[in-house]
**Student:** 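Following this message is one structure expressed as C-alpha cells.
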Number of protein chains: 2
Amino acid sequence: MENEWSYKERKVISIGAVSELTGLSERQIRYYEERKLIFPSRSDRGNRKYSFSDVERLIDIANKREEGVRTDEIRMEYKKEKVKEDRETRKKMIQGQLNARFMGQNNGKRFS
Amino acid sequence: MENEWSYKERKVISIGAVSELTGLSERQIRYYEERKLIFPSRSDRGNRKYSFSDVERLIDIANKREEGVRTDEIRMEYKKEKVKEDRETRKKMIQGQLNARFMGQNNGKRFS
DNA sequence: CGTGTAAGGAATTCTGACACG
DNA sequence: CGTGTAAGGAATTCTGACACG
C-alpha cells in the first residue's frame, strides 16, 4: 500500500514524456506551473520532474481549460479541495490518537 | 487495481533518472540491456524508457552482481521465474473460463 | 490571459570503439 | 566479462522575450 503510493507520487518523469502522456505542449505545462497549478520538483541540473499524480492533474487541468475555466479559477478549485482534504486528514489523525489511547487502556499500559 | 498496475509498468523514466534511482551508471544499465536482463521501450526519437518495475529489477540485478553472480546466470534465474509465472497465469485463465461457464449455466444462458 | 515560436546555451542520450582484465 | 571513458552528433530542456489578443 505504501508502495503503490510511491509509484504514483514519485517525481521521475521528464517534461517531454509528460507532454506525450497528456497531449499538452511543453509550453502549456510550464505555464501551468507558473500559474501555480502544478509543482514539479527539479533534478540536480534543473530539469523538471513530474509524478503520475502530476500527470493526472494536468489531464484534469486540460479538461477544465477546454471547458473554458481560467487558470486562476482552477487554482481556487484545487485550493478548496486541499483545505477539505487537510481537514479530513487532521480528523483521522485525531481519531488515530484516541484509538491508540484506548488501546493503551485495554492493555493496562497507562502511566498515571 | 488496474490503475496501480499501470503506474508500476508504464515505461516513462529516462536512463538518467533510472541511474539516480538505482545508483547504477548508465553504462551498466545499457550493458544489462545488451545482456537481455532488462527491456526498456524506446521513445519516438530512440531514448530508452523504463518503468518502476524495471527500476526494481535493476536494483535486484545490482544486488546479485554484488554477490558475484554473472549476468548470464541472472538471466537464467529470471527465465525460470518467468516460466513459473506463466504456468500460474495459464492455470488462472483456465479457472476463469471454467467459472464463467458455470456462471453461464446458473443464469440459464446456455445456447444449445 | 494563454499559447506559439525563434534564440542560444547547457545538459542528455545514443552508438561504436578502445581499454583493462 | 563487466565497466570506464573519450568522441561526435542529435535531440532535450531551460530561460527570457516578442507576438497576438
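Proteins get letters first, then strands, A, B, ... in listed order; numbering begins at 1 in each.
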**Student:** Are side-chain N/O atoms of Asp54(A) and Tyr32(A) paired as donor and acceptor at under 3.5 Å?
**Tutor:**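 The criterion, which ignores hydrogens and geometry beyond distance, is not satisfied for Tyr32(A) and Asp54(A).
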
**Student:** Given that Ser43(B) and Arg35(B) both sit by DNA chain D, which one's nearest nucleotide is further toward the 5' end?
**Tutor:**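 Whichever sits nearer the 5' end wins; that is Arg35(B).
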
**Student:** Rounded to whole Å, how long is the line connecting atom CD1 of Ile15(B) with atom P of dA10(D)?
**Tutor:**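 Taking CD1 of Ile15(B) and P of dA10(D), I get 20 Å after rounding.
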
**Student:** What nucleotide among dT3(D), dT3(C), dC14(C) has an atom nearest to a side-chain atom of Arg65(A)?
**Tutor:**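 Closest nucleotide among those given: dT3(C).
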
**Student:** Is Glu67(A) salt-bridged to Lys64(A), going by a charged N under 4.0 Å from an acidic O?
**Tutor:**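 No, this pair does not count.
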
**Student:** For Asp86(A) and Thr89(A), does a side-chain donor sit closer than 3.5 Å to a side-chain acceptor?
**Tutor:**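 The criterion, which ignores hydrogens and geometry beyond distance, is not satisfied for Thr89(A) and Asp86(A).
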
**Student:** Within 45 degrees of the ring normal and closer than 6.0 Å to the centroid, is that where the cationic atom of Arg10(B) sits relative to Tyr7(A)?
**Tutor:**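 No, Arg10(B) does not sit over the ring of Tyr7(A).
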
**Student:** Rounded to the nearest angstrom, tell me the gap between atom CZ in Arg48(B) and atom C1' in dC14(C).
**Tutor:**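 Atom CZ in Arg48(B) sits about 7 Å away from atom C1' in dC14(C).
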
**Student:** Do the side chains of Lys8(B) and Glu56(B) get close enough for a salt bridge, i.e. N-O under 4.0 angstrom?
**Tutor:**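 A salt bridge is present here (some side-chain N lies under 4.0 Å from a carboxylate O).
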
**Student:** Using whole Å, report how far CD of Glu26(B) lies from C1' of dT15(C).
**Tutor:**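 After rounding, the gap between these two atoms is 13 Å.
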
**Student:** Between Glu73(A) and Arg70(A), does the salt bridge (Lys or Arg N to Asp or Glu O under 4.0 Å) criterion hold? Intermediate values first, please.
**Tutor:** CA-CA 5 Å; Glu73(A) 292 175 319; Arg70(A) 276 176 285 107; 3.0 Å; yes

**Student:** Closest-nucleotide mapping onto DNA chain D: is Arg30(A) or Arg27(B) further toward the 5' terminus? I mean the 5' end.
**Tutor:**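 Nearest nucleotide further toward 5': that of Arg27(B).
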
**Student:** Using whole Å, what does the distance between atom P of nucleotide dC14(C) and atom OH of Tyr50(B) come to?
**Tutor:**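 Whole-Å distance recorded here is 7 Å.
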
**Student:** Toss me the dot-bracket line for DNA chain D: Watson-Crick and G-U wobble, both under 3.5 Å, 5' to 3', using | for pairs to another strand and [ ] for crossers.
**Tutor:** .||||.||.|.|.||.||||.

**Student:** Please report the distance, rounded to the nearest Å, between CD in Glu33(A) and C1' in dT13(D).
**Tutor:**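 To the nearest whole Å, that distance equals 13 Å.
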
**Student:** Quick one: is the NZ or CZ of Arg48(B) closer than 6.0 Å to the six-membered ring centre of Phe39(B), and within 45° of its axis?
**Tutor:**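 That pair does not qualify as a cation-pi contact.
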
**Student:** Let me know the distance between CD of Glu34(A) and C1' of dT3(C), rounded to the nearest Å.
**Tutor:**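 Answer to the nearest Å: 11 Å.
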
**Student:** Take atom CZ of Arg42(B) and atom P of dA11(D), then tell me their distance rounded to the nearest Å.
**Tutor:**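 The distance from CZ of Arg42(B) to P of dA11(D) comes to 14 Å, rounded to the nearest Å.
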
**Student:** Any donor-acceptor pair under 3.5 Å between the side chain of Arg45(B) and the base of dT12(D)?
**Tutor:**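 Check fails, no donor-acceptor contact within cut-off.
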
**Student:** By nearest nucleotide on DNA chain C, pick out whichever of Asn47(A) and Val69(A) is the more 5' one.
**Tutor:**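 Its nearest nucleotide lies further toward 5', so the answer is Val69(A).
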
**Student:** Of all the choices, dG4(C), dT15(D), dG4(D), which nucleotide is nearest to the side chain of Ser25(A) once you look at every atom?
**Tutor:**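 Nucleotide nearest to Ser25(A)'s side chain: dG4(C).
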
**Student:** Is the distance from OP1 or OP2 of dT13(D) to the nearest side-chain N or O of Ser14(A) less than 4.0 Å?
**Tutor:**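 For dT13(D), OP1/OP2 do have a side-chain N/O of Ser14(A) under 4.0 Å.
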
**Student:** Nearest whole Å is fine: how far is dT15(D) P from Tyr31(A) OH?
**Tutor:**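 Distance check: Tyr31(A) OH to dT15(D) P gives 16 Å.
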
